[in-house]
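Notes follow the structure.
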Amino acid sequence: MFALIDCDNFFVSCERLFRPELNGRPVVVLSSNDGCAVSRSTEAKALGIPMGAPVFKYRELFRQHNVISFSGNFALYGDISRRLMLLLTEVTPYLECYSVDESFLDLSQLPDQDWRRWAVRLRRRIWQEIGLPVSIGIAPTKGLTKVANHRAKKDPLLGGVLNLADMPQWLIDTQLAATPLEDIWGIGWRLGPRLRAEGLQTALDIKQLTPRRARQLMGGVRGSQLQLELSGIACFPLETAGRVRQTVSHGRMFGHDTADPLAIRAAISSLTARACRDLRRDGLAANGVYLKLRGNRHKPGSPRWSHCLRLNTPTADPGLICAQLATALAADPAAQQIWHRADVLLFNLTPSAHLQTDMLGYVQTAQAVRGQQRLQAIDAINRRYGAGRLRYAAENLSDVWQPKAGSRSPRYTTDWGELPVAIIKV
Amino acid sequence: MDNDFTFVAGSAAAAAYQGTQVAIHRGFPNPAADISEQPHRSPLALDFNQLLVRSAASTFVLRLSGPDRPEHGILSGDLAVVDRAARGPLVIAWDGDQFILDLRSQLPEYASVWGSVTGIVRCLPL
């Protein structure tokens, strides 16, 4: 038996924890660079502001209805997310942190087998101790917990908890019929419209597909697994901490569209440094690097450029990677355009302990070890004195690429200089 | 001492790091360096979190401001350690416009409790 715990409007809820006066008012949190709304309060949703709404299109609506908008405060959201995971590991060690605001729990080992009562108490505890509203869906498969969670959020009568575990099949089917197929786990923005074109609308329609049809429509085995999960047959186990990363990517929109090669190199250096830091934290090294540049989508004929690097020796050293990317960038005239966004993706990851050789059989050990010590020193300094304190020089070539963060709230929980203030009354 | 990393920016941090004796050695490595994630901090050292934080998930820090209350041991500028999972007599509450520090028993009825104060931290000027 599984539970899915999903925070309601997570980023907005984090902002409201330290600004209780915003409860009951329309609030949105904007993506990096303040481009579009990535988290909306219930009140903002009721105004018809869709997920991903570009700010420039909705500015008038925001003004009319006094919508409060925040630039993303990702230090705050990360810290609140960490607190929730900490609380949940006290509840059960059988826990999969699926995303910043979603966790799957395996309930079979739980001492309290009255799952609804357990969930109601847990929900109250999270609200009391961390100040986060969450919804909890319980079901025999992860796919069904997502449906249960969706219904628990949408139907106010359910009080934020829906347990499909001991429900008769016909009642489960009514919940499936009330769930649009886009809200099914594993059906994203790509698959959704294709299924709609086939006349399918809800989770119930997907469940009632024949296995053959499910494979055809939703891409082979994965498709029939989605369908089985909705029928109550578990195909996906809980993936606890051991999930091995396949890729690491970091991307950012530039503060302003830019053709300045220094700005672009600074962005790439910084993104690569961050991706490599993630690699080193997980003890991995990359064999391949993919760099993608994109022009402004809202302007006609927006350009794209990408470059793929195969590394002879797996590495987590941003210096090595940046040097090669910079060379490739400078060499190709097609890369000299006005860019809006850069993405760096590291792939083909291997554990860095298994030092492999390049084609000629060389492992330049002394150099590799010195490089590794240098990176460990950088990581240690940044852990101690704050992320990004010690940087590669190229990261500072230009700050045009740094995201705009017009109205970021204080980093209430991660910066001694930005703590919330309380007035002494006593 | 190997100065391999001084080519990067942030020389003040690097200098401070060298002072801790656990940077990059040419001789024997520090045997404690493998034990701890943060080699500059011994796993045996006293950790103030142990003393001040009972529940890491629900403990927050707020800065206090306003009139000094020496009779309660509270001065403006103090840090309040606030645990939302605890229930004590001294609380942080939201009064509609701001957070206030008050006794639970004296709270105006329109104020709602945000968390209980479980500690006060003050650094003295030198």
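Quick note: numbers below take in every heavy atom, side chains included, and nothing from hydrogens, waters or symmetry partners. Chain identifiers are assigned alphabetically (A, B, ...) following the order of the sequence lines, protein sequences preceding nucleic acid strands; residue numbering begins at 1 within each chain.
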Open item on the list: Ignoring hydrogens, what is the shortest heavy-atom contact between A:Trp416 and B:Arg63? Give both atom names and the distance.
Closed with: O-NH2, 3.8 Å
Task: Gap separating the CD atom of A:Glu21 from the CG atom of B:Asp95, nearest 0.5 angstrom - done: 10.5 Å
Task: Side chain proximity check, B:Leu101 to A:Val426, heavy atoms < 4.5 angstrom - done: yes
Task: Residues, nucleotides or ligands: over 12 heavy atoms within 6.0 Å of A:Tyr94 OH - done: no
TODO: May I ask you to name which of B:Val61, B:Ile92, B:Asp97 has the most heavy-atom pairs under 4.5 Å with chain A?
DONE: B:Val61
- [ ] Could you walk me through whether B:Phe60 and A:Tyr412 pass the side-chain contact (heavy atoms from CB on, under 4.5 Å) test, one step at a time?
- [x] CA-CA 9 Å; B:Phe60 298 83; A:Tyr412 301 108; over 6 Å; no
Task: Close contacts, residues 103-126 of chain B versus chain A, judged by heavy atoms under 4.5 Å - done: B:Leu103, B:Gln106, B:Trp114
TODO: Might you work through the side-chain contact (heavy atoms from CB on, under 4.5 Å) test for A:Ile423 and B:Phe99, ending with a clear yes or no?
DONE: CA-CA 6 Å; A:Ile423 306 300; B:Phe99 288 115; over 6 Å; no
Open item on the list: Shorter than 4.5 Å, heavy atoms on both sides: which option in A:Leu87, A:Ile130, A:Ile80 has the most such pairs with chain B?
Closed with: A:Ile130
Open item on the list: If the contact rule is any heavy atom under 4.5 Å from chain A, which residues of residues 75-87 of chain B qualify, in numerical order?
Closed with: B:Leu75, B:Ser76, B:Leu79, B:Arg84, B:Ala85
Task: Heavy-atom closest pair, residues B:Ala56 and A:Leu86 - done: CB-CD2, 3.6 Å
TODO: Verify the neighbour count for atom CZ of A:Arg25: are there more than 12 heavy atoms of other residues, nucleotides or ligands below 6.0 Å?
DONE: no
Open item on the list: Does B:Arg69 have more than 12 heavy atoms from other residues, nucleotides or ligands lying within 6.0 Å of its CZ?
Closed with: yes
Open item on the list: So for A:Leu17, is it side chain, backbone, both, or neither that comes closer than 4.5 Å to the heavy atoms of chain B?
Closed with: both
Open item on the list: Contact between B:Leu62 and A:Val421 at the side-chain level, heavy atoms closer than 4.5 Å - yes or no?
Closed with: no
Task: Residue among A:Arg125, A:Gln128, A:Glu129 satisfying side chain to side chain contact (heavy atoms under 4.5 Å, CB included) with B:Ser58 - done: A:Glu129
TODO: Return the minimal non-hydrogen interatomic distance between B:Thr59 and A:Arg83, and the atom names on each side.
DONE: O-NH1, 2.8 Å
